[in-house]
Amino acid sequence: MTNNEIVQKLWNLCDVLRDDGINYSDYVTELVLLLFIKMVHENTEAGTLKKHPLPEGCRWTDLNGKSGINLLNDYKRILLSLSTGKDGDGSLVHDDPLISAIYADAQTRLREPRHLEQMIKTLDQIDWFSAQKDGLGDLYEGLLEKNANETKSGAGQYFTPRALINTMVRCLQPQPGERIQDPAAGTAGFLIAAHEYIKSQTDDLYDLTSEQKAFQSTRAYVGIELVPGTRRLALMNCLLHGMEGGAEGVVQLGNALGQAGAGLEKADVILANPPFGTSKGGDASITRDDLTYKTSNKQLAFLQHIYRNLKPGGRAAVVLPDNVLFEAGVGTDVRRDLMNKCNLHTILRLPTGIFYAQGVKTNVLFFTKGSATDRYQEENCTENVWVYDLRTNMPSFGKRTPFGEQHLKPFESVYGESPNGDSERTEGEYSFHAEEVELPEHSGENEGVDPRLAHSRWRRFSRQWIAEHKGDSLDISWLKDSDSVDAANLPEPGVLAAEAMSELVQALGDLDALMRELGAEEEADGAKVLLQEVMGGVGK
């Protein structure tokens with residue numbers, strides 16, 4: 001049984017639990033509380049974990065084989081003990097702050113013992129020996145990705161595609177002994193990918209000394225996550241990948257735009273995808289007083305935190321929406337400060353549709369603290385910015401056309417072998433055929449340029465050109481979209497209005513389905529009646 005098959009088998013259990021009033025989002029939380037106990041058991045049995053992290057009386061063997069109300073009561077007792085460290089009579093069960101953090105406020109919503117029994121039996125029926133070969137941590141991540149893709153919840157917005165994470169890590173090449181951070185950790189995908197990369201480069205850490213191994217396990221990785229439920233998933237994820245972190249785990253609970261971020265040590269490597277939009281678990285308000293440019297734009301604040309928190313010579317890759325590249329005022333000030341203090345050597349323009357929020361256009365900014373020749377330089381560090389356009393004339397990605405590593409390989413190839421982006425590079429690689437693509441008629445980016453470069457995905461722009469021609473905007477594009485529409489040939493206004501109405505009805509249908517999936521059937525029915533009245537009025 002492959003990991004994908006196991007993930008689907010676990011996902012199908014949600015249909016059983018709906019009788020208990022549990023929807024997909026609740027189910028994932030319900031499942032991971034139980035699944036972690038099972039995975040710890042399997043990892044211990046296989047020798048992957050040297051000692052059992054869960055206290056006696058709170059292990060898988062204390063659950064399986066039981067049934068009825070006794071099973072449900074025992075499970076509630078175990079969750080309480082793992083959360084508080086104490087048994088019902090107040091006696092100490094464990095004093096492990098990491099376990100307490102993972103199970104903080106954990107409680108089950110299950111009311112039917114038979115549903116819990118069915119979950120346990122299903123977990124016992126899985127071929128865990130086969131799952132071990134692919135890694136239980138990878139299985140767990142597959143479940144998180146399934147949740148992000150299937151639930152249509154806000155969580156999907158923050159789940160960075162695995163292929164993109166791996167590309168960013170391979171470009172930055174984290175090394176043993178480096179401090180690696182993610183100030184918007186989510187479920188810790190970047191930190192785990194960095195850990196797995198280092199393992200692949202060191203024969204599963206075999207080449208390291210015992211002191212170096214201890215550093216990698218307990219001190220190398222630090223993340224911050226604002227939402228408690230997401231942090232729980234991250235801590236489990238890290239532990240299943242052999243990353244223990246400090247006393248309270250790899251991922252701290254807090255706000256990187258508050259004092260939790262201000263207190264972080266300087267990092268050698270920062271990998272991040274700061275959240276765009278509003279997180280359901282709480283809004284990351286900006287309370288930092290050490291950021292030079294005051295702003296209410298969280299992405300601009302995150303960007304300031306990241307380049308300020310790098311050590312001299314430290315390197316970063318960060319996913320940011322388009323508005324960070326062109327926003328005026330404070331946005332311009334932040335970009336200038338970034339290009340002064342760091343060598344912003346590469347921008348990857350990402351295709352649309354690879355995140356849950358379909359309409360958001362994003363980029364990856366790669367930069368190194370200091371200049372290419374002096375890591376302690378603090379002015380005019382950026383000389384050239386290389387831009388790779390992976391957005392224009394790309395497929396519409398989604399379930400039917402998944403975004404994968406094959407789409408990013410050409411970028412990795414031109415990025416070069418140096419993690420600082422200073423490998424020898426050549427413009428014009430991976431070009432289009434000039435005769436197949438029409439040049440933009442009024443594009444300053446193409447003025448006086450060799451036509452072959454005008455059709456390339458890979459271009460270099462000098463810092464001076466960016467200042468003089470773009471006013472320090474980094475929203476640089478030069479390719480014409482083959483699907484772009486000539487305004488002179490647009491249909492009649494009535495036809496356009498009908499098309500817009502059709503799209504609106506489709507969108508409202510999707511919203512209705514989402515409300516019902518979230519259990520808001522009455523609200524959905526009321527909204528539907530109101531919509532019918534409005535549409536009737538429009539028809540008249």
(request) Assign the ring pair W465 / F461 to parallel, tilted or perpendicular, where the plane angle (0 to 90°) is split at 30° and 60°. (result) tilted
(request) Tell me, please, which residues at least two apart from Q212 pass side chain to side chain contact (heavy atoms under 4.5 Å, CB included). (result) L208, T209
(message) Heavy-atom count check: over 12 atoms from other residues, nucleotides or ligands less than 6.0 Å from E468 CD?
(response) yes
(request) Could you pull out the closest heavy-atom pair between A185 and G223, with the gap in Å? (result) CB-CA, 4.1 Å
(message) If the threshold is 4.0 Å, N to carboxylate O, is there a salt bridge linking E178 and K311?
(response) no
(request) Kindly indicate whether the side chain of L365, heavy atoms from C-beta on, has any atom under 4.5 Å from the side chain of L325. (result) yes
(request) For the residue pair F366 and F411, categorise the inter-ring angle as parallel (less than 30°), tilted (30 to 60°) or perpendicular (more than 60°). (result) tilted
(request) Apply side chain to side chain contact (heavy atoms under 4.5 Å, CB included) to A301 and list each qualifying residue two or more places apart in sequence or on a separate chain. (result) L257, I286, L291, T295
(request) Find out whether T202 and P176 are in side-chain contact, i.e. whether some heavy atom of one side chain is under 4.5 Å from a heavy atom of the other. (result) yes
(message) Could you report the tightest heavy-atom contact between P275 and F302, atom names first, then the distance?
(response) CD-CE1, 4.0 Å
(request) Report the residues that fulfil salt bridge (charged side-chain N to carboxylate O under 4.0 Å, His left out) with D472, sequence neighbours left out, ordered by chain and then residue number. (result) R336, R463
(request) Evaluate the criterion salt bridge (Lys or Arg N to Asp or Glu O under 4.0 Å) for residue pair D268 and K369; output intermediate values, then yes/no. (result) CA-CA 10 Å; D268 296 286; K369 193 69 168 284; over 6 Å; no
(message) Please find the pair of heavy atoms, one from H407 and one from P402, that lie closest to each other, and give the distance.
(response) CE1-O, 3.5 Å
(request) Would you check, one step at a time, whether the test side-chain contact (heavy atoms from CB on, under 4.5 Å) holds for N323 with N297? (result) CA-CA 10 Å; N323 71 282; N297 183 316; 3.0 Å; yes
(message) Once you measure the plane-to-plane angle for F367 and Y307, does it fall in the parallel (<30°), tilted (30-60°) or perpendicular (>60°) bin?
(response) perpendicular
(request) Return yes if some donor-acceptor pair links the side-chain N/O of N384 with the main-chain N/O of H345 below 3.5 Å, else return no. (result) no
(message) Looking at every non-hydrogen atom in both residues, tell me the closest pair between E383 and N343 and how far apart they are.
(response) N-OD1, 4.4 Å
(message) Among E196, E417, E405, exactly one meets salt bridge (Lys or Arg N to Asp or Glu O under 4.0 Å) together with R170. Which residue is that?
(response) E405
(message) Both conditions, 6.0 Å and 45 degrees, for the charged tip of R425 above the ring of W458: are they met here?
(response) no
(request) In plain terms, say whether D475 and K361 are close enough for a salt bridge, that is, a side-chain N and a carboxylate O under 4.0 Å apart. (result) no
(message) So which atom in I270 and which in L172 form the shortest heavy-atom distance, rounded to 0.1 Å?
(response) O-CD1, 4.1 Å
(request) Please report the closest heavy-atom contact between D322 and T362, naming both atoms and the distance. (result) OD1-N, 4.1 Å
(message) Determine whether a donor-acceptor pair (N or O, by modelled atom type, separation under 3.5 Å) exists between the side chain of N380 and the backbone of N340.
(response) no
(request) Taking the side chain as every heavy atom from C-beta outward, state whether L344 and R335 have any atom pair closer than 4.5 Å. (result) no
(message) Salt bridge check, D290 against R288: does any charged N sit closer than 4.0 Å to a carboxylate O?
(response) yes
(request) Using a 4.5 Å cut-off on heavy atoms from C-beta on, say whether the side chain of L240 contacts that of F36. (result) yes
(message) Looking at R391, is its backbone amide N or carbonyl O close enough to the side chain of D389 to form a donor-acceptor pair, meaning the two atoms are under 3.5 Å apart?
(response) yes
(request) Using atom types as modelled and distance alone, determine if a side-chain donor or acceptor of S100 lies under 3.5 Å from a backbone N or O of P97. (result) no
